[in-house]
Amino acid sequence: MWKIKRDVLRLIMESSKSSYPDEFGAFLRAKHNIIYEIILLPGTISGGGSVLYNLLMKPIDFTIVGSVHSHPSGFPIPSEADLQMFSRIGDVHIIVAYPFTMDSWKAYNRRGEEIEIKVI
Ligand SMILES: [Zn+2]
């Protein structure tokens, strides 16, 4: 069972709001299945799917367990490109959707199946 620190989720929502209407993307770092940090990538902030390209430039770092990105459109449903990226990077992926409130997000595993993440 994955868990995420409330402060981290809050930071994700704030970052997504600042990036809006563009996408926001980052990696998730975890210890003992608790996501405690996001890793921002240089140059990820822009529209048109470039967030995904940058996420694929993943450094080799085994504390990175997955990804998070925003959907300014408002639906936290993975696209085809998202599913491809999920299958390559880690096993926990969060999509946050406009208006980026603490409950406007969903999480998926590497197969794109919805999973539960407990906020702690
Ligand atoms: Zn997406």
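For ligands, and for the atoms within them, numbers begin at 1 and follow the listed sequence. Atom set for the values below is all heavy atoms of this structure, side chains included, hydrogens, waters and symmetry mates excluded.
- If you look at D82 and ask which of its N, O or S atoms sits nearest the Zn ion (ligand 1), the answer is OD2.
- For the Zn ion (ligand 1), the set of nearby N, O or S atoms under 2.8 Å includes none belonging to E23.
- Although no hydrogens or angles enter the test, the distance criterion places a donor-acceptor pair under 3.5 Å between the side chain of S70 and the main chain of F24.
- The aromatic ring centres of F86 and H93 sit less than 6.0 Å apart.
- Within a 6.0 Å radius of NZ in K17, more than 12 heavy atoms belonging to other residues, nucleotides or ligands are found.
- Partners of F100 according to the ring-ring contact (aromatic ring centres under 6.0 Å, His included) rule, which considers only residues two or more places apart in sequence or in another chain, are Y98.
- The name of the N, O or S atom in H69 nearest to the Zn ion (ligand 1) is NE2.
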